[in-house]
Amino acid sequence: MTTDANTTNTEHPTGTNTGTDPVRRRGTAAGVLGAATVAMGLIAGVFYIFACAIMPALARSDDRVFIEVMQNVNDVIQNPVFFLAFLGALVLTAVAAWQSRGAPHRWWVFAALAAYALAVALTAAVNIPLNDDLAAAGAPTRIAEPAAVRDRFEDTWVAWNVVRAVLSTVALACLARALYLFRRPQASAYLESAAGSSASR
């Protein structure tokens with residue numbers, strides 16, 4: 001008995017239950033993956049609503065109204081709530097990818113990260129510079145040729161926003177699939193345990 005106690009103390013000198021560590025890590029990974037999925041859904045929704053409602057509606061407006069509204073939208077959207085989702089989706093997906101290395105669902109997370117990283121890159125390379133150019137045009141009432149300003153902005157911005165919407169939607173689908181695969185082993189283990197308990201009775 002003394003030998004067994006000494007052996008136990010040697011293996012776990014601090015007396016902590018190391019068996020809880022994998023459970024805790026899995027819980028953290030589930031939280032990060034779930035948060036990444038939610039953030040990605042929010043951003044995919046933003047790009048989607050621009051593609052299917054906001055920009056088609058503005059297409060019916062005259063040039064000065066179009067410019068004024070887009071200038072206001074581009075100014076208002078730069079707020080902490082939007083950036084929390086826009087950058088949070090990228091950071092959380094990257095963390096989820098690191099946490100999932102070696103796991104069966106990792107390729108879905110990697111695909112989501114690649115798709116959304118491309119969407120962010122397109123935003124920085126195309127949409128933001130177009131927004132800056134539109135802002136630099138000045139007040140719509142003082143623009144001499146509003147039609148020309150609109151022409152330089154509208155078609156290119158709309159087209160690449162559709163690409164962003166598709167990429168972020170693909171990323172969302174990949175994260176949803178990864179989350180399903182992540183949760184499935186836990187659900188299967190629960191069902192097997194429940195079946196074993198019923199059989200033992």
Side-chain angles (χ1 to χ4, degrees), residues 16-56 73-74 76-128 157-200:
T16 57
N17 184 4
T18 57
T20 62
D21 290 342
V23 175
R24 189 173 301 169
R25 286 197 298 269
R26 182 175 177 82
T28 301
V32 171
L33 184 56
T37 305
V38 171
M40 194 68 71
L42 292 173
I43 290 302
V46 170
F47 295 153
Y48 173 79
I49 199 67
F50 267 102
C52 72
I54 295 176
M55 300 313 293
V73 169
N74 292 334
V76 170
I77 203 169
Q78 298 182 58
N79 63 77
V81 176
F82 172 77
F83 284 125
L84 182 64
F86 181 71
L87 298 178
L90 182 63
V91 173
L92 289 168
T93 303
V95 173
W98 181 82
Q99 290 177 327
S100 66
R101 64 196 190 283
H105 65 279
R106 66 188 182 279
W107 297 113
W108 293 100
V109 184
F110 294 164
L113 180 60
Y116 188 61
L118 182 56
V120 172
L122 288 175
T123 299
V126 179
N127 295 87
I128 291 178
W157 196 98
V158 169
W160 284 107
N161 180 70
V162 171
V163 175
R164 294 190 304 177
V166 171
L167 288 171
S168 57
T169 302
V170 168
L172 173 61
C174 290
L175 287 176
R177 177 62 177 172
L179 190 60
Y180 169 76
L181 294 175
F182 181 87
R183 299 290 296 177
R184 188 171 62 176
Q186 187 176 7
S188 299
Y190 174 79
L191 292 176
E192 291 176 2
S193 175
S197 298
S198 299
S200 64

**Message:** On a heavy-atom basis, which atom in Ala96 and which in Val109 lie closest, and how many Å separate them?
**Reply:** C-CG1, 3.8 Å
**Prompt:** Stepwise, does the side chain to side chain contact (heavy atoms under 4.5 Å, CB included) test hold for Phe86 with Val46?
**Reply:** CA-CA 10 Å; Phe86 181 71; Val46 170; over 6 Å; no
**Message:** Would the distance check show the side chain of Arg183 and the main-chain N or O of Tyr180 forming a donor-acceptor pair, the cut-off being under 3.5 Å?
**Reply:** no
**Passing candidate, side chain to side chain contact (heavy atoms under 4.5 Å, CB included) with Thr37, options Leu175, Leu42, Thr93, Val32** = Leu175
**From CG (Leu167) to CD1 (Ile43), nearest 0.5 Å** = 13.5 Å
**Request:** Drop me the distance from Leu113's CG to Ser100's OG, to the nearest 0.5 angstrom.
**Result:** 9.5 Å
**Criterion ring-ring contact (aromatic ring centres under 6.0 Å, His included) on Phe182 and Trp108, from CA distance to verdict** = CA-CA 11 Å; Phe182 181 87; Trp108 293 100; over 10 Å; no
**Message:** Has Asn127 got a side-chain atom pairing as donor or acceptor with Ala124's backbone, closer than 3.5 angstrom?
**Reply:** no
**Asked** Between Ser168 and Ala165, is there a donor-acceptor pair closer than 3.5 Å when you use the side chain of the first and the backbone of the second?
**Response** yes
**Asked** Got a sec: does the CZ of Phe110 have more than 12 other heavy atoms crowding it under 6.0 Å?
**Response** yes
**Prompt:** Leu179 versus His105: any side-chain heavy-atom pair under 4.5 Å?
**Reply:** no
**Request:** Please answer whether the main-chain N or O of Ala159 pairs with a side-chain N or O of Asn161 as donor and acceptor at a distance below 3.5 Å.
**Result:** no
**Prompt:** Can you tell me how far CD of Gln99 sits from CG of Leu33, rounded to the nearest 0.5 angstrom?
**Reply:** 8.5 Å
**Fill in**
Between Ala44 and Leu172 the two heavy atoms that sit nearest each other are CB-CD2, 4.5 Å
**Message:** Measuring only between side-chain heavy atoms, which start at C-beta, is Trp160 closer than 4.5 Å to Thr123?
**Reply:** no
**Message:** Does Arg164 qualify as a cation-pi partner of Tyr116, given the criterion of NZ or CZ under 6.0 Å from the six-membered ring centre and within 45 degrees of its axis?
**Reply:** no
**Message:** Measuring from atom CG of Leu90 to atom CE of Met40, what distance do you get when rounded to the nearest 0.5 angstrom?
**Reply:** 7.5 Å
**Request:** For Cys174 and Ala111, work out which heavy atoms get closest and say how close.
**Result:** SG-CB, 3.9 Å
